[in-house]
Engineer: 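Below is the structure I would like to discuss, written out as structure tokens.
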Amino acid sequence: MWRRGERLYALLVFLVVALEALALGGLVLVFSGRLFGLLDYSATRQTLLQALFLTALILVLLSAYILLYHAYTEAKELRDRKAYEDWVSRFARALFGEGALPLPPWPEPALQALLHLRETLKGEMGEKVAEWIRLARPPWVFWLKRSWTSRPERLEALEALGLARLPETLESILPYLVHPDPVLRLAAARAAARAAQGEGVLRLGEALLASGLSKGGLLEALLLLEDRAEPAVALLLDKGGKEEVWAALEAIGRLHLHPLAEKVLPFLEVQEPEIQAAALRALARLGYPPLGYEGVVLGLLRSGEEFLRVQATRLLPLLPPHLARKALWRALEDPSFYVRRAAAEALGSLDPGGLREAAETHPDPYGRAMAAQVLREGAWRN
Amino acid sequence: MKVLLVEDDPVVARVLEMALSRAGHQVYLVKDFPTAKERFAEAWDAIVLDLNLPGGFGLDLLRHLRQELGKDTPVIVLSGLKQEKTILEAMRLGAQGYLSKPFSPQELVLRLERYVAAR
Amino acid sequence: MEKLAWIIYGYQVFVLYYFAFLNLLYAVFAIFGLRMVARYARELSELSLKDLLEREAYLPVSILVPTYNEEKSITASVRSFLALRYPEFEVIVVADGPRDRTLEVLKEAFQLVKVDWVFRKSLPTKPIRGVYRSLSHPNLLVVDKENGGKADALNAGLNFARYPLFCAVDADSLLDPEALLRASRLFLEDERVLAVGGTIRPLNGAQVREGIVEVLHLPRGFLEKMQIIEYARAFFMGRAGWSAMDALLIISGAFGLFRRTEALRVGGYRTDTVGEDMELVVRLHRRAREEGRDYRILYTPDPICYTEVPSDWNTLRRQRNRWHRGLWEVLWLHRAMLFNPRYGRLGFVAMPYFLLFEALGPVVEVLGYALLPVFYLLGVFNPEFAFLFLLLALGYGILLSQLAIGMETLLLKRYPRLRDRMALLFLSLLEVLGYRQVLALERFLATFQVLRKRGQWGEMRRKGLEG
């Protein structure tokens, strides 16, 4: 991570580069001058010496800075680490009722210790740590509100608030979801997802709709909500654009949000392959049969997009068995390797006897080979 | 009872050490995969196992304990990983319990005592 | 006679222009690189990495390990790959027709069983002799094939890979446990990313336990110490700068992460060049630009790969010779890009830079030294002047190294002892007094070898896949 003293180093580098450019520029001019007979030897020699002297000076300066920085930060980090460990012990003991805590304000390592504890503990102890964090009156919300805070400070504040998970801080985080800087938006989304509770989740959902985050970022935020995610996911599903809907569908599958399973079904018919694939994946993960949409799923098996056919194939075991078996049998003939593979695996999980049959009697040679392969793998695994 | 704590996160380790020793147990801490593997050879009443360890994955340690060493020491897995397949794999390998972070230390201690008593 | 003196002087001034321009470019790199490395360091937090690991928002990776005659080290290497911290990945070891017991060693160590494996032959390769799965590690696949060279082995691996991302490594690469996490994250955050390169650092002198680098110490050998400085320069100044300018042409074969579909689309690795790693990246750029797509190819300083660097002159010189020939081959293969507006910054800045300063640099440098006795003989030799100029040139060389060491200090600080830091700074002085010149000579020779051999590419029967 970026540490103190780097601004100084950056300044130093600029200085070095500027001096170097100056020296070189001077040299080029003087030498060219000499080439065209405008200057004499002593002038060039002098410039050369000056450039040399400057370079030597720069080298010494740079080396000195590097060594000093190294020595300083090494000592400082050692001290900070020791302080952090001390504070962790202190707070841990206080949690178990031994030892009293000194009054705040507490130094930086103490805050780090508290955040780490808050991340680790839940329940009664977790709440106690939250109280202490509040007691410490950390500067994070203040930093976020202030207009002249630097970017790294904002990022640090957002991350700290995310770890602290204090519901009242959500207000300060949400505005950053529409910040022009995409890195801050993502950091804010993640922090807000950790901090949001109850009704705050809906407000986060609204903010996510307005944020314009990429679907990866949206998904990350939803996943961080874990078992609180349902209201936000439902909102994104209802009101969101393509990215939001995709993220919501993925989240439903990964978080196993069964109450929302029904809402996934209509998305099977949307004319957007990415969305349809996400819907298929979600249903497969949930193990939710696509009642009433069997025809749609079977239709997707004929889609031009390979990944769509693969996902549809994977969902087939959730269809009524006779439909599924027929469709899987046909899918083993698919020109795509990955579809055939998915079909063989799905058939294996649905009806191992059927897979054996396919390995022997399926009309398509590639289909037979794939079925045999999957059978062998299954046997080898056991 | 003698409890082996396999955990590389110092905060979690500290809290667990305190919780367990306050409940009257002897706690030994190891912080990485290879050391844990060595210590497994000794006799323990219970083991608390983290999964993301330097040098290897905790479930491999569990497999080693159950299959190669053949021990049935009660094991609680404590990990930040929440994927269903990890949890299932841990239970399949013979862990008695799986707790994810954030966790409650008292809950962990109680569960551990219950598993040991049930032997 | 005066005319001659003038011409010779003119040449010296030309060398000065060349040198000045080159250093100015380096300066630009230093700034760009610093900015980029700093921003990256601020943006990527440990917490987000942990989240990646703990939740399921990641992209699975296929690690491709081409290997030839490596019976002694292959087990440890494969074990270290299998121990990487990543939620879902597979390791595909492609044994390129080894003459020693590499395959047998693998069979024993990982309980391999031969399987009939159905796979998709997307890329043409030498015939596959056998496919093996491991009973102890379900995510390990070993492919035995006829010898065809590293690129061919990688292509074979690609045919077997099943995940959306693949990571090309050398068999002796030692990846930082979190390297995959850090690198793959970029693919998730931005869908335009096609390829990511990380930092390569010399492993020599490091304390390694169970496949993890615990502490970095300076190695004993002089050559190895030199290479530490070189690599720091190459990555923190070079790659960082180019990546910041959106014109990164090289991703090391020792560690690079790519989107599998993209690599397949451009036809995989070329087997007729020794610079196959750079060649693939250039081709990815080229195709994307020709198609007018918005894309990114990045270097990030964070994911680290350690590799053993040569500790004796012969191996080192052979390596640099090969690298330089590879560079020329790639420049030649893609010469259509030079100064071609269709390729934007690549055509106008990156490719010309690599041609004029990287590829031709050693020529200018060696000629510069070689002409000194000529000047002396012609009586136009001014010792004081030559000496001063030489000092200046060397001074700038040292400056660059120190900037790179500074960057490493600030960013990674993997050499924790102050003593080592001082040693590195001092050694950058020594680098320009001989080490650099010997390698420049080697690269100069490589240039002529390439010029002679143009038309006879074949280097497939290389003696071992040296990293």
Side-chain angles (χ1 to χ4, degrees), chain A residues 80-99 109-130 132 162-165 194-195 222-229 251 253-258 284-287 381-382, chain B residues 3 5-27 29 31 48-53 58-59 63 67 76-89 91-93 97-113:
Chain A
D80 281 345
R81 199 170 26 237
K82 183 91 190 7
Y84 168 80
E85 281 165 5
D86 276 342
W87 279 102
V88 170
S89 289
R90 255 194 202 158
F91 283 121
R93 278 201 302 272
L95 277 175
F96 286 98
E98 311 161 9
L111 276 179
Q112 293 303 318
L114 279 174
L115 283 177
H116 204 159
L117 280 166
R118 177 80 174 135
E119 199 193 341
T120 318
L121 301 171
K122 74 173 183 203
E124 203 184 293
M125 285 195 176
E127 287 309 308
K128 198 119 177 255
V129 177
W132 285 335
L163 283 172
R165 289 186 288 130
R194 292 189 133 96
L222 292 175
L223 289 178
L224 281 166
L225 281 168
E226 295 178 357
D227 43 12
R228 296 161 286 148
R254 292 186 203 258
L255 293 171
H256 297 282
L257 297 173
H258 286 276
R285 283 194 168 110
L286 288 170
R381 240 196 305 270
N382 302 326
Chain B
V3 182
L5 182 54
V6 184
E7 175 64 65
D8 66 326
D9 183 329
V11 171
V12 177
R14 198 84 186 74
V15 170
L16 274 178
E17 270 180 317
M18 291 197 130
L20 285 166
S21 44
R22 280 189 105 234
H25 307 298
Q26 275 184 307
V27 187
L29 173 66
K31 300 187 195 159
V48 180
L49 184 62
D50 180 26
L51 293 184
N52 275 325
L53 294 165
L59 287 183
R63 189 178 298 121
Q67 290 171 9
I76 286 192
V77 174
L78 175 65
S79 171
L81 293 171
K82 298 172 218 296
Q83 291 100 321
E84 197 173 356
K85 65 171 190 200
T86 318
I87 302 177
L88 288 175
E89 177 75 11
M91 304 311 275
R92 204 180 60 83
L93 281 170
Y98 191 109
L99 284 181
S100 67
K101 297 177 193 169
F103 71 104
S104 159
Q106 289 111 328
E107 185 189 345
L108 188 140
V109 173
L110 281 173
R111 282 226 203 163
L112 206 60
E113 290 174 343

Engineer: Against chain B, label A:Y84 side chain, backbone, both or neither, depending on which of its atoms sit under 4.5 Å from a heavy atom there.
Structural biologist: side chain
Engineer: Counting heavy-atom pairs closer than 4.5 Å to chain B, which one of A:V88, A:L117, A:L121, A:L95 comes out on top?
Structural biologist: A:L121
Engineer: Rounded to the nearest 0.5 Å, what's the gap from CD on A:E98 to CZ on B:R22? Could you check?
Structural biologist: 5.0 Å
Engineer: Just to verify, which of A:R165, A:E119, A:R118 counts as forming a side chain to side chain contact (heavy atoms under 4.5 Å, CB included) with B:P102?
Structural biologist: A:R165
Engineer: Walk me through it: do A:M125 and B:S104 pass the test side chain to side chain contact (heavy atoms under 4.5 Å, CB included)?
Structural biologist: CA-CA 7 Å; A:M125 285 195 176; B:S104 159; over 6 Å; no
Engineer: Would you mind checking which part of B:E107 comes under 4.5 Å of any heavy atom in chain A, side chain (CB onward), backbone (N, CA, C, O), both or neither?
Structural biologist: side chain
Engineer: Under a 4.5 Å cutoff for heavy-atom pairs, which residue among A:S89, A:G126, A:A113, A:G123 has the most contacts with chain B?
Structural biologist: A:S89
Engineer: Check this for me: B:K101, atom NZ, are more than 12 non-hydrogen atoms of other residues, nucleotides or ligands nearer than 6.0 Å?
Structural biologist: yes
Engineer: Checking heavy atoms, do the side chain of A:E85, its backbone, both or neither come under 4.5 Å from chain B?
Structural biologist: neither
